There are 2 protein chains.
Amino acid sequence: MSAPKLAKVIDIHALKNACSNCSLREMCLPTGLSHDEIEKLDQMVYTRKRVKRGDSVYRSEEKFGSLYALRSGFFKTTLVMEDGRDQVTGFHMAGDMLGMDGIGSDQHSCNAVALEDSEVCVIPYARLEELSRELYVLQQHFHKVMSREIVREHGVMLLLGSMRAEERLAAFLLNLSQRFASRGYSPSEFNLRMTREEIGSYLGLKLETVSRTFSKFQEDGLIGVQQKNIRILDSNGLKSVLGRDPG
Amino acid sequence: MSAPKLAKVIDIHALKNACSNCSLREMCLPTGLSHDEIEKLDQMVYTRKRVKRGDSVYRSEEKFGSLYALRSGFFKTTLVMEDGRDQVTGFHMAGDMLGMDGIGSDQHSCNAVALEDSEVCVIPYARLEELSRELYVLQQHFHKVMSREIVREHGVMLLLGSMRAEERLAAFLLNLSQRFASRGYSPSEFNLRMTREEIGSYLGLKLETVSRTFSKFQEDGLIGVQQKNIRILDSNGLKSVLGRDPG
DNA sequence: GAATTGGTTTGATCCACATCAACATTTTCA
DNA sequence: TGAAAATGTTGATGTGGATCAAACCAATTC
């Protein structure tokens with residue numbers, strides 16, 4: 001694992017009205033805000049960072065100062081144990097918010113690593129708190145974003161604690177599919193940005209098990225796999241893998 | 001599993017200055033607030049509920065309206081899958097905040113069940129949002145509480161995804177011990193409020209494995225177990241179980 | 001276009017934990 | 001108080017996924 005590198009900082013005042021013009025405004029912070037209110041956001045979100053594949057926006061133990069709205073690209077967040085074992089705690093795509101783990105202790109508690117060249121909007125946290133005291137809708141939306149992160153993690157706990165390998169992978173694929181769909185991409189064909197090992201880490205499985213399970217799903221006609229390219233051929237079939245008797 | 005029962009509602013205007021006089025004010029919402037500010041909280045938190053063992057403060061799918069500060073007692077939160085499998089997602093004790101899962105979708109996504117007769121303070125969520133726009137310290141503290149819940153869940157994901165049975169149970173005991181300690185109880189002797197099955201569900205293990213592992217720890221002189229009573233005899237020993245080579 | 005590198009697939013074997021089963025102990029409540 | 005129900009312990013056995021090992025494939029790099 002390489003040392004963290006400095007990501008490039010871009011002044012987006014040049015790109016007049018950052019949030020106002022952003023295609024993600026319906027699924028990001030501006031959700032529900034009026035035009036005038038979004039202009040206030042624009043003043044707060046005044047930098048973007050390019051993050052190259054493999055680099056991180058923040059690392060565990062680092063001082064917390066900002067949240068990051070993922071504008072384009074793909075991230076994983078990871079935790080590392082003292083003995084080196086590490087665990088992927090999430091995969092994140094455009095519109096997702098990163099960094100909320102840092103608020104509670106004023107320092108980050110995981111690493112946010114780009115799985116492809118990405119771009120994030122930097123949201124200085126103090127400014128966000130300030131503005132959300134002023135704009136009710138912003139406050140409300142921010143709370144929802146945090147709450148949903150809690151619920152998402154509940155779901156992962158259910159997956160890790162109660163599901164078998166096939167169920168985990170099916171749930172994973174269906175979740176990805178649904179998230180791509182809600183961003184306007186095809187729910188039935190997409191490219192994985194992460195390796196089998198990263199999928200395994202997220203799902204509490206070894207990479208060989210992930211690979212074998214992909215092959216099994218393919219044999220069963222549920223999906224088509226070719227390296228990182230996934231086609232979902234029978235999404236109902238995948239759904240029925242969940243909660244099915246083993247065997 | 002019995003149907004939810006109505007918990008008893010108590011008017012705490014009678015108990016003048018609810019939060020002001022509460023012994024938990026240092027670890028609950030009032031943290032960091034001035035005397036005058038706490039008095040504003042008092043106006044917001046105007047009911048308490050007694051919740052009997054086995055009853056719940058809220059259940060999955062129920063409309064969300066309030067958060068609950070756990071004043072005394074002990075809770076578990078659980079998720080239930082369609083096929084009936086269920087997963088304990090957390091154990092909660094005095095000073096903890098329950099219900100934040102409901103904010104994102106305006107309905108609860110898990111069940112909060114009392115493991116012993118308990119008492120919660122009802123915090124109407126709309127009032128909390130309002131007041132936290134007014135009181136910076138309250139806003140800040142509330143955000144920290146949510147963030148810490150996210151971090152806690154990260155920890156559980158690490159546990160479920162990367163640890164072996166002994167490590168999980170050791171981590172569980174150390175966590176409980178530390179939480180009792182921070183509440184002024186003995187970190188080295190306490191009574192479990194949950195069954196082996198509930199521990200197992202939380203840790204992604206079967207109850208037999210939990211029981212065997214307790215016995216093993218006892219043989220190794222790490223803990224003393226007598227049913228629900230736990231004495232931690234060698235907390236460093238327990239710590240060294242974490243991250244140790246299998247065997 | 002050969003060689004290297006990082007990732008993936010597949011087979012053979014192993015083991016940690018699940019499952020099944022029997023019994024012991026504690027709690028509940030008639 | 002005593003019978004039934006719930007919970008906990010322990011042993012014997014089974015199995016899903018881990019581990020070990022060997023190719024294979026795709027993308028870089030020289």
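Just so it is clear: chains get the letters A, B, ... in the order the sequence lines come, proteins before strands, and each one is counted from 1. If you're wondering where the values come from, they're calculated on a predicted model, not measured in any experiment.
For B:Asn111 (side chain) and B:Val113 (main-chain N/O), no donor-acceptor pair under 3.5 Å exists by modelled atom type.
Two end axes, each from the C1' atoms of five base pairs, can be drawn for the helix from C:dG1-D:dC30 to C:dA30-D:dT1; they diverge by 50°, to 10 degrees.
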Taking distance alone, no hydrogens or angles, what donor-acceptor pairs closer than 3.5 Å link side-chain atoms of residues 170-183 of chain A to residues at least two apart or in another chain?
{"residue": "A:Asn175", "atom": "OD1", "partner": "A:Arg179", "partner atom": "NH1", "Å": "3.3"}
{"residue": "A:Ser177", "atom": "OG", "partner": "A:Pro187", "partner atom": "O", "Å": "2.8"}
{"residue": "A:Arg179", "atom": "NH2", "partner": "A:Phe91", "partner atom": "O", "Å": "2.7"}
{"residue": "A:Arg179", "atom": "NH2", "partner": "A:Asp96", "partner atom": "OD2", "Å": "3.2"}
{"residue": "A:Ser182", "atom": "OG", "partner": "A:Arg179", "partner atom": "O", "Å": "3.2"}
{"residue": "A:Arg183", "atom": "NE", "partner": "A:Ala94", "partner atom": "O", "Å": "2.6"}
{"residue": "A:Arg183", "atom": "NH1", "partner": "A:Arg179", "partner atom": "O", "Å": "3.1"}
{"residue": "A:Arg183", "atom": "NH2", "partner": "A:Ala94", "partner atom": "O", "Å": "3.0"}
{"residue": "A:Arg183", "atom": "NH2", "partner": "A:Asp96", "partner atom": "OD1", "Å": "2.9"}

Show me the side-chain donor-acceptor pairs of residues 221-230 of chain A shorter than 3.5 Å, one per line, residues at least two apart or across chains.
{"residue": "A:Asn229", "atom": "ND2", "partner": "A:Glu189", "partner atom": "OE2", "Å": "3.2"}
{"residue": "A:Asn229", "atom": "ND2", "partner": "A:Asn191", "partner atom": "OD1", "Å": "3.2"}

Using atom names, set out every protein N or O paired with an N or O of nucleotides 18-22 of chain C below 3.5 Å, distance rounded to 0.1 Å.
{"residue": "C:dA18", "atom": "OP1", "partner": "B:Lys206", "partner atom": "N", "Å": "3.3"}
{"residue": "C:dA18", "atom": "OP2", "partner": "B:Lys206", "partner atom": "N", "Å": "3.3"}
{"residue": "C:dA18", "atom": "OP2", "partner": "B:Thr209", "partner atom": "OG1", "Å": "2.3"}
{"residue": "C:dT19", "atom": "O4", "partner": "B:Arg212", "partner atom": "NH2", "Å": "2.8"}
{"residue": "C:dC20", "atom": "N4", "partner": "B:Glu208", "partner atom": "OE2", "Å": "3.3"}

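Between B:Arg164 and the phosphate of C:dA16, there is no side-chain N or O to OP1/OP2 separation shorter than 4.0 Å. Of the side-chain N and O atoms in A:Ser211, none sit less than 4.0 angstrom from OP1 or OP2 of C:dT10.
B:Asn191 places its CG atom 14 Å from the P atom of C:dT26, with the value rounded to the nearest Å. Between the CD atom of A:Glu219 and the P atom of C:dT9 there is a distance of 12 Å, rounded to whole Å. A:Met194 places its CE atom 16 Å from the C1' atom of C:dT8, with the value rounded to the nearest Å.
Between B:His108 and B:Phe64, the ring planes lie perpendicular to each other; the angle is over 60°, past the 30° to 60° tilted range.
Residue-level contact check: A:Thr195 touches the backbone only, with heavy atoms under 4.0 Å from sugar-phosphate atoms and none from bases. Contact annotation for B:Arg53: backbone-only contact, meaning every heavy-atom pair under 4.0 Å involves sugar-phosphate atoms and none involves a base.
Partners of B:Glu198 under the salt bridge (charged side-chain N to carboxylate O under 4.0 Å, His left out) rule, at least two apart in sequence or in another chain, are B:Lys76. Applying the side-chain hydrogen bond (donor to acceptor under 3.5 Å, both in side chains) rule to B:Ser162 yields the partners A:Gln87; only residues at least two apart in sequence or on another chain are considered. Listed by chain and number, the residues in a side-chain hydrogen bond (donor to acceptor under 3.5 Å, both in side chains) with A:Thr89 are A:Thr77 (sequence neighbours excluded). Evaluation of the side-chain hydrogen bond (donor to acceptor under 3.5 Å, both in side chains) rule for B:Glu208 yields no partner, not counting sequence neighbours. With sequence neighbours excluded, no residue forms a salt bridge (charged side-chain N to carboxylate O under 4.0 Å, His left out) with A:Glu197.
With salt bridges taken as basic N to acidic carboxylate O contacts below 4.0 Å, one links B:Lys216 and B:Glu166. A salt bridge is defined here as a Lys NZ or Arg NE, NH1 or NH2 lying under 4.0 Å from an Asp or Glu carboxylate O, and B:Glu116 with B:Arg193 meets this definition.
First and last contacts of DNA chain D with chain B, using any nucleotide atom under 4.0 Å from a protein heavy atom and ordered 5' to 3', fall at D:dT7 to D:dA12.
Comparing B:Phe214 and A:Met163 by the nucleotide of DNA chain D that holds the closest heavy atom to each, the one mapping nearer the 5' end is B:Phe214.
When only modelled atom types and interatomic distance are considered, B:Ser56 and B:Arg59 share a side-chain donor-acceptor pair under 3.5 Å.
Within residues 223-234 of chain A, the residues that place at least one heavy atom under 4.0 Å from DNA chain C are, in residue-number order, A:Gln227, A:Lys228.
Residue pairs meeting the salt bridge (charged side-chain N to carboxylate O under 4.0 Å, His left out) criterion with at least one partner in residues 230-239 of chain B, sequence neighbours excluded, are absent.
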